[in-house]
Amino acid sequence: MTARMRLKPEAVGVGMTSQRVRDRLIERLRAGPVPGAGITDERVLNAIRTVPRHLFVDEAFATRAYEDTALPIGHGQTISQPWVVAKMTEALFADRAQPKKVLEIGTGSGYQGAILAALGLEVFTVERIGDLLRQARKRFRALGLTVRSRHDDGRIGWPEAAPFDAIVVTAAAPALVDALTEQLAPGGTLVAPVGGADAQSLLRLRKDAEGRITREDLGPVVFVPLLSGMLD
Ligand code: SAH
């Protein structure tokens, strides 16, 4: 499966965001921020190579879109660092998992959701800031990606669409959110940053066929906080 096939070719972009610049990012992701932390899943690397990240940031930051760094997207929020997006996505496919339906909490720019959609997953995403969600929806449309989205407090998940084979939480909380763990299907995987405001651990939870939960720490990450309520 190639991610490229799912995108409108005219939207993928060239120039300062050339394939060479994107390939350099892929090499950085393979190497990893520290030894041993490289991304190895070729499907994930291919999706990152294909989805035009420069369309998910403000024009002022477009020249930096293929650096392995988080960037501001307004409202005090950030588009996640590509390595973090890759790591979370890879974690959903680890142990031969074949997720089909995924829930993302924290749409933000829409980049993580677009990567998941480009990988062929059925994506549901929830964002509490209406303005960010509206911009993300425009990007999904421009790229021809099907992503179902909702303006809501994602801490309640998306109960009507549950259960999900995979859940990705892209904002940090001091503890795992029970409502989300409950919406995970047997055999499913949830990844979430859990910890304090300054730094968190990226946790990977698996729910087995009997509903038993195991967890694994994938290492330190820094995310913006998971907040309550909604903003327009
Ligand atoms: N996945 C995003 C990263 C966004 S940063 C991307 O690829 O760009 C985290 C996002 O989570 C922010 O947009 C923030 O508004 C949102 N968020 C924080 N708390 C939330 C909540 N309770 N429900 C839904 N979204 C939330």
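We count residues from 1, following the sequence as given. Both counts, for ligands and for their atoms, begin at 1 and track the order of listing.
- Among protein heavy atoms, atom 9 (C) of ligand 1 sits closest to Thr170 O, 3.3 Å.
- Annotation for ligand 1: atoms under 4.0 Å from non-hydrogen atoms of Ile129 are 15 (O).
- Residues Arg134 and Asp232 are paired through a salt bridge, judged by an N-O separation under 4.0 Å between the basic side chain and the carboxylate.
- Near Gln77, meaning under 4.0 Å from one of its heavy atoms, ligand 1 places the atoms 12 (C), 13 (O), 14 (C), 15 (O).
- Inspection of the Thr89 and Gln112 side chains reveals an N or O donor paired with an N or O acceptor under 3.5 Å.
- A distance-only check finds a donor-acceptor pair linking the side chain of Lys207 to the backbone of Leu184 [under 3.5 Å].
- Set against the non-hydrogen atoms of Asp152, the atoms of ligand 1 under 4.0 Å away are 23 (N), 24 (C).
- Between Ser80 and ligand 1, not a single N/O pair is under 3.5 Å apart.
- Side chains of Glu127 and Thr107: no donor on one and acceptor on the other come within 3.5 Å.
- Looking from atom 15 (O) of ligand 1 to the surrounding protein, the closest heavy atom is Glu127 OE2, 2.6 Å.
- If you number the atoms of ligand 1 from 1 as listed, the ones under 4.0 Å from a heavy atom of Thr78 come out as 3 (C), 4 (C), 5 (S).
- The shortest heavy-atom contact between Arg155 and Ser228 is NH2-CB, 2.8 Å.
- Heavy-atom contacts of Thr107 reach the following atoms of ligand 1: 1 (N), 2 (C), 6 (C), 8 (O) (cutoff under 4.0 Å).
- Here is the list of ligand 1 atoms found below 4.0 Å of a heavy atom in Tyr111: 7 (O).
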Worksheet entry | Audit row: Arg49, Asp23, salt bridge (charged side-chain N to carboxylate O under 4.0 Å, His left out) steps and yes/no | CA-CA 7 Å; Arg49 189 185 286 113; Asp23 288 345; 3.3 Å; yes
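- Under the 3.5 Å distance criterion, with hydrogens and angles disregarded, no donor-acceptor pair is assigned to the side chains of Arg30 and Thr40.
- Paired with Pro99 under the rule side chain to side chain contact (heavy atoms under 4.5 Å, CB included), one option of Thr189, Leu119, Leu121 passes, and it is Leu121.
- With Pro225, Ala173, Gly106, Gly108 as candidates, the residue nearest to atom 18 (C) of ligand 1 on a non-hydrogen basis is Pro225.
- Considering backbone and side-chain N/O atoms, Asp153 comes within less than 3.5 Å of an N/O atom of ligand 1.
- Using 4.0 Å as the threshold, Met230 has no heavy atom nearer than that to any atom of ligand 1.
- The shortest contact between atom 8 (O) of ligand 1 and any protein heavy atom is with Ser109 OG, 2.6 Å.
- A cation-pi arrangement, defined by a distance under 6.0 Å to the six-membered ring centre and an angle within 45 degrees of its axis, is present between Arg53 and Tyr111.
- Taking every heavy atom of Val126 and a limit of under 4.0 angstrom, the matching atoms of ligand 1 come to 24 (C), 25 (N).
- One finds no salt bridge joining Glu27 and Arg24 here, because no Lys/Arg side-chain nitrogen approaches an Asp/Glu carboxylate oxygen to under 4.0 Å.
- Geometric assessment of Arg150 against the ring of Phe124 yields a negative cation-pi assignment under the 6.0 Å and 45° thresholds.
- Remark: ligand 1 and Val224 share no N or O pair separated by less than 3.5 Å (distance only, no angle test).
- With hydrogens and angles disregarded, a donor-acceptor distance shorter than 3.5 Å links the side chain of His151 to the backbone of Gly130.
- For atom 25 (N) of ligand 1, the closest non-hydrogen atom of the protein is Arg128 N, 3.3 Å.
- The N/O atoms of Gly154, backbone and side chain alike, include one that comes under 3.5 Å of an N/O atom in ligand 1.
- Counting heavy atoms under 4.0 Å from ligand 1, residue His75 does not touch it at all.
- Using a 4.0 Å cut-off to heavy atoms of Gln112, the atoms of ligand 1 that qualify are 1 (N), 7 (O).
- Considering only non-hydrogen protein atoms, atom 22 (N) of ligand 1 sits nearest to Leu227 O, 2.6 Å.
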